[in-house]
Amino acid sequence: MNNSPQLKPGYKPVIGLEIHVQLATQSKMFSPAPNNPQVKTPNTDIDEIVTGQPGTLPVVNEQAVRLGVMAGLALNCQIPEYSKFDRKHYFYPDLPKGYQISQYDEPIAENGFLDIVVNGVVKRIRIRRAHLEEDAGKNIHPEGLPYSLVDFNRAGAPLLEIVTEPDIASAEEARLFLHELRNIVRYVGASSADMEKGTMRCEPNISVKMPEQADLPNYKVEVKNINSFKFAEAAINYEIARQAELLEKGQTPKQVTMGWNEKQNVTVEQRSKEEANDYRYFPEPDLPILHFDKQFLEILKNRLPELPTAKRTRFKAEYQLPEADINNLVNWKELTFFFEQAVS
Ligand code: ADP
Ligand code: MG
C-alpha cells in the first residue's frame with residue numbers, strides 16, 4: 001500500500017525518528033522492582049525507588065547496560081569509553097521524582113547506521129545516538145469521573161532511546177527502518193520490540209524541503225508516542241501533506257509537538273516544542289560514570305548473533321531462496337533456526 005501524498009515537483013519530505021525500546025531485563029533501570037511489560041494490576045511492580053521516596057538511591061541495572069550496548073554495537077555505533085547519566089526535569093504526575101534519569105551529552109552509543117532496501121536499492125540511515133533512560137508511569141483519566149489515576153508499573157522501566165539523523169525521505173522508508181530496527185533489537189535479545197504491546201514506540205520528526213532548498217528546513221514537527229507501524233506511516237503521510245500545503249501557500253509550519261488521533265486520522269497539536277534548556281539537565285550525582293573498557297566491549301561483540309543483513313546474504317547464497325521468502329524467514333529469528341534444522 002502506498003498512500004504517500006502527491007507533492008508538487010521539488011518538495012521533499014525530511015524525516016528523523018526517535019524510537020524507544022523497553023529493554024528485556026528482569027528488573028527496572030535503577031531498582032530491583034520487576035520489569036514486566038505484561039503486568040495488568042496497577043501499582044504492583046513498584047518500590048521506594050520507582051516511586052521516588054525521599055532518601056532512596058538509584059543503582060544502575062547492569063543487564064540494561066549490557067543489552068543497550070549490544071543493541072548499539074548491532075546498530076554499528078561507536079561505544080565511547082565513558083558514558084554518564086543526567087537528570088531531565090519536568091513536572092508531571094506520572095513522574096514521581098520530578099525528573100527522569102536519562103543521558104544528555106554522553107550517551108552509551110553514537111554514530112551508527114542501519115541499511116534498508118528501498119525498491120531494491122540499499123539506503124543507509126545514519127543513527128546519531130542511543131541512550132539509556134527510565135520510563136515514566138501512566139496517567140489514567142477514567143471516563144466520566146472527576147479525577148485521574150496514576151499507575152507506576154511502567155515507571156522506572158529501562159528504555160533505550162535510538163535517534164536517527166534526518167535521512168528518511170518517506171513514510172515507506174520510515175516503516176522499513178522501523179521493521180529492520182525491530183529485527184535487530186530482537187536478534188540481540190535487547191527487547192521484545194512489540195509496537196502493539198508498547199515495548200517499542202516511535203516519534204517521527206517531520207519537515208518538508210521546498211524546491212531548490214539546500215539546507216534542512218528550519219522547523220520540524222514531532223509526533224509523540226506512536227504505537228503501531230500503521231499509525232507511524234499514516235501520521236507521517238498526514239504531516240507531509242499538511243506541511244506541503246502550508247509551504248505552497250507561502251507559510252512556514254509551526255514547530256510543535258503533535259499527537260496522532262487514531263479515530264480521526266489527523267495529527268493534533270499538543271504543545272509548543274520545548275528546548276533542551278527547559279529541562280534543566282544536569283549530571284545525575286547519585287550514579288557513577290560508566291566506563292567501558294576494551295575487554296568488556298570485546299566480550300559483548302563476541303556475543304553478537306548473526307544479524308539480519310548477514311543472515312539474508314547467507315540464506316541467499318546457501319539456499320537460493322526467493323527474496324520474499326528470505327525476508328519472511330529472517331523477520332522471525334526462531335523461524336530461521338527451525339528452517340535450518342529442518343534443512344540439515
Ligand atoms: P531536538 O533537540 O529538538 O530534539 P534534534 O536535532 O536532537 O532536535 O533532533 C531530533 C530528531 O529530529 C532527530 O531524529 C533528527 O534526525 C530529527 N530532525 C532534525 N532536524 C529535522 C528536520 N528539519 N526535519 C525532520 N527531522 C529532523
Ligand atoms: Mg526530541
Side-chain angles (χ1 to χ4, degrees), residues 4-5 7 10-21 71-72 75-77 86 88-90 100 102-116 123-133 159-178 180-181 185 200-226 232-233 235-247 251-260 267 269-281:
S4 49
L7 298 184
Y11 286 84
K12 292 201 185 83
V14 178
I15 302 157
L17 299 176
E18 295 167 86
I19 303 106
H20 288 90
V21 296
L75 294 168
N76 306 293
C77 289
D86 299 274
K88 177 181 182 178
H89 299 79
Y90 59 91
Q100 174 195 32
S102 180
Q103 299 196 285
Y104 182 48
D105 53 354
E106 295 185 41
I108 57 163
E110 290 173 312
N111 302 323
F113 64 84
L114 185 161
D115 289 338
I116 55 174
K123 175 166 178 181
R124 180 154 292 184
I125 311 295
R126 289 170 299 159
I127 290 171
R128 182 181 296 175
R129 56 183 276 160
H131 68 258
L132 292 168
E133 62 185 26
L159 299 177
L160 184 70
E161 176 173 344
I162 299 148
V163 182
T164 77
E165 294 294 340
D167 291 346
I168 297 165
S170 67
E172 159 83 357
E173 288 185 17
R175 182 176 56 80
L176 292 168
F177 178 91
L178 290 170
E180 191 66 348
L181 179 70
V185 294
M200 174 161 156
R201 310 189 293 265
C202 140
E203 289 160 12
N205 294 267
I206 304 136
S207 65
V208 177
K209 262 192 199 171
M210 304 224 279
E212 314 297 324
Q213 182 176 353
D215 301 334
L216 286 177
N218 58 1
Y219 77 91
K220 65 178 156 32
V221 171
E222 179 173 0
V223 188
K224 278 287 181 196
N225 280 328
I226 291 189
E233 273 193 275
I236 290 171
N237 280 330
Y238 181 86
E239 269 306 307
I240 292 171
R242 185 186 71 83
Q243 294 175 22
E245 200 180 308
L246 287 172
L247 291 165
Q251 300 168 16
T252 305
K254 271 196 293 178
Q255 168 134 332
V256 284
T257 301
M258 304 274 232
W260 176 245
T267 52
E269 190 171 326
Q270 291 185 331
R271 51 185 149 93
S272 62
K273 172 98 180 90
E274 57 292 294
E275 304 289 332
N277 53 17
D278 295 334
Y279 290 123
R280 293 172 293 124
Y281 277 104

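Atoms within a ligand are numbered from 1 in the order they appear, just like the ligands themselves. Everything numeric here is computed off the predicted structure, so don't read it as measured data.
Contact annotation: the side chain of Phe177 approaches that of Ile19 to within less than 4.5 Å [non-hydrogen atoms, C-beta and beyond]. Between Glu239 and Val223 the shortest side-chain heavy-atom distance falls below 4.5 Å. Contact check for Ile15 versus Thr164: no side-chain heavy atoms found under the 4.5 Å cut-off.
For ligand 1 and Tyr219, the ligand atoms under 4.0 Å from any heavy atom of the residue are 23 (N). If you number the atoms of ligand 1 from 1 as listed, the ones under 4.0 Å from a heavy atom of Val163 come out as 13 (C), 14 (O).
With distances taken over non-hydrogen atoms, the option nearest atom 11 (C) of ligand 1 out of Ile168, Asn205, Ile15 is Asn205. Checking Glu165, Arg129, Lys220 against atom 21 (C) of ligand 1, the nearest heavy atom belongs to Lys220. Residue Ser207 holds the heavy atom nearest to atom 22 (C) of ligand 1 of all those in Pro217, Ser207, Pro13.
Residues that satisfy the side chain to side chain contact (heavy atoms under 4.5 Å, CB included) test with Asn76, not counting sequence neighbours, are Phe113. For Gln100, the side chain to side chain contact (heavy atoms under 4.5 Å, CB included) partners two or more places apart in sequence, or in a different chain, are Lys88, Tyr90, Leu95, Ser102, Glu133, Glu134.
Contacts between Leu17 and ligand 1, counted as non-hydrogen atom pairs separated by less than 4.0 Å, involve the backbone only. Both the backbone and the side chain of Val14 come within 4.0 Å of ligand 1, counting heavy atoms alone. At a heavy-atom cutoff of 4.0 Å, ligand 1 is contacted by the side chain of Arg128 but not by its backbone.
Remark: Arg128 engages Glu165 in a salt bridge, criterion side-chain N to carboxylate O under 4.0 Å. Salt-bridge formation is detected for the pair Lys224/Glu222: a Lys NZ or Arg NE/NH1/NH2 atom is positioned less than 4.0 Å from an Asp or Glu carboxylate oxygen.
Taking any N or O of Glu18, backbone or side chain, none lies under 3.5 Å from an N or O belonging to ligand 1.
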